[in-house]
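Below is one structure, written out as structure tokens; the observations come after it.
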Amino acid sequence: MIARPLQHQRRSNAGVWLLVVGALLVAPHLGGVSVTVPGTPAPHAKGQAGAAPPPAPAAMAARAVAYAHRQLGKPYVWGDEGPGSFDCSGLTWAAWRHAGLGWDRMTAADQWHTLRGQTIARGALEPGDLVFYADNPGDWRSIHHVGLYIGSGWMVEAPYSGALVRQVPLRTRGWFGAARPSAGGGR
């Protein structure tokens, strides 16, 4: 893969984001129409048991994604939740709080634990979903990172000290799972 400067990526993705956000805002009013982002796997991945939770309210998810995009380039500072700097869980918390979800500020592991009833398969990801990474794939308490899925295999994250909030492809290394916030907040 050849890396392109972030500025060029933002410019080239602007039209795609307008289409995605527009589709997310219009789809609920069309009745029975589902929106699939090109390049996104089918909602029911082979080998996945159980039903997916209902989608996050489309307008809320679109607001969370838009908020996360506006934070690109801001510094990572452990424990921060904006507006000038973020850690990973502070960024996801702030994005969803901005979108209208009234939940308490939590660590990445606590966000997973709170949303555990709203987990989804990797193949069913939708923009606005939270993606979690852990040291031990069998223990939610080892979750150390969370990002906000933005579609087409990409997420926005506040990665680590000394880095900036950035848009990156989803990683498989350390993958723990994904969860979909909803108007109920998971609690």
Side-chain angles (χ1 to χ4, degrees), residues 24 28 40-41 43-45 48-71 74 76-151 153-161 163 165-168 170-187:
L24 288 171
T40 304
H44 298 289
Q48 298 297 328
M60 287 179 76
R63 284 193 302 269
V65 168
Y67 180 90
H69 267 114
R70 288 193 304 273
Q71 310 320 308
K74 292 186 178 179
Y76 176 101
V77 175
W78 186 83
D80 277 6
E81 55 199 42
S85 57
F86 297 88
D87 71 2
C88 66
S89 58
L91 176 64
T92 56
W93 173 83
W96 271 99
R97 188 159 179 94
H98 177 79
L101 188 64
W103 59 352
D104 296 332
R105 172 66 162 97
M106 299 172 256
T107 66
D110 288 338
Q111 286 180 9
W112 170 265
H113 186 67
T114 298
L115 297 171
R116 68 190 176 279
Q118 296 164 219
T119 60
I120 56 167
R122 187 175 177 130
L125 286 171
E126 293 180 7
D129 291 343
L130 301 183
V131 292
F132 297 88
Y133 295 87
D135 294 321
N136 177 350
D139 184 0
W140 71 269
R141 293 167 295 205
S142 74
I143 292 173
H144 57 80
H145 188 60
V146 60
L148 184 79
Y149 184 70
I150 58 172
W154 290 80
M155 70 177 181
V156 171
E157 67 174 357
Y160 50 82
S161 293
V165 174
R166 63 189 184 178
Q167 179 177 309
V168 296
L170 287 177
R171 295 182 295 280
T172 55
R173 184 174 183 204
W175 176 265
F176 186 84
R180 181 165 300 146
S182 68
R187 282 195 174 181

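Atom CD1 of I143 and atom NE2 of H113 lie 10.5 Å apart (nearest 0.5 Å). With values rounded to the nearest 0.5 angstrom, F176 atom CZ is found 7.0 Å from D139 atom CG. Within the model, atoms NE2 of H145 and CG of D135 stand 12.0 Å from one another, a figure rounded to the nearest 0.5 Å. Atoms CG and CG, on L115 and L130 in that order, are 6.0 Å from each other to the nearest 0.5 Å. Rounding to the nearest 0.5 Å gives a distance of 10.0 Å between CG of D104 and CG of D110. Expressed to the nearest 0.5 Å, how far CH2 of W96 lies from CE of M60 amounts to 5.5 Å.
Across A158 and V165, no two heavy atoms sit closer than the pair CB-CG2, 4.0 Å. Nearest heavy atom pair, residue N136 against residue S142, reads N-OG, 2.8 Å. Taking all atoms of both residues into account, the shortest heavy-atom contact from Y149 to V131 is CB-CG1, 4.2 Å. Looking at every heavy atom in both residues, W103 comes nearest to R97 through O-NH1, 3.2 Å. Of all heavy-atom pairs between C88 and A108, the closest is SG-CB, 4.4 Å. Residues R105 and T107 come closest through the heavy atom pair NH1-N, 4.5 Å.
Between L170 and R122 the shortest side-chain heavy-atom distance falls below 4.5 Å. Looking at heavy atoms from C-beta onward, R171 lies in side-chain contact with E157 at the 4.5 angstrom threshold. In this structure the side chain of Q167 reaches within 4.5 angstrom of the side chain of I150, judged on heavy atoms. The side-chain heavy atoms of M155 and V168, taken from C-beta on, include a pair separated by under 4.5 Å. Contact of the L148 side chain with the L91 side chain is not registered, since no non-hydrogen atoms from C-beta on lie closer than 4.5 Å.
More than 12 non-hydrogen atoms from other residues, nucleotides or ligands lie less than 6.0 angstrom from CH2 of W175. Within a 6.0 Å sphere centred on CZ of R70, heavy atoms belonging to other residues, nucleotides or ligands number more than 12.
No donor-acceptor distance shorter than 3.5 angstrom exists from the side chain of D87 to the backbone of W78, with no hydrogens or angles considered. Remark: side-chain polar atoms of Q118 are not paired, donor with acceptor, to backbone N or O of A179 under 3.5 angstrom. A donor-acceptor pair under 3.5 Å links the side-chain atoms of Q111 to the main chain of S89, judged by distance alone.
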*Evaluate the side-chain contact (heavy atoms from CB on, under 4.5 Å) criterion for residues T119 and W112: first the C-alpha distance (whole Å), next the side-chain angles of each, then the deciding distance (0.1 Å), finally the verdict.*
CA-CA 8 Å; T119 60; W112 170 265; 3.2 Å; yes

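A cation-pi contact, defined as under 6.0 Å to the ring centre and within 45° of the axis, is absent between R116 and W140.
In the model, D80 has a side-chain atom that pairs as donor or acceptor with a side-chain atom of S85 under 3.5 Å.
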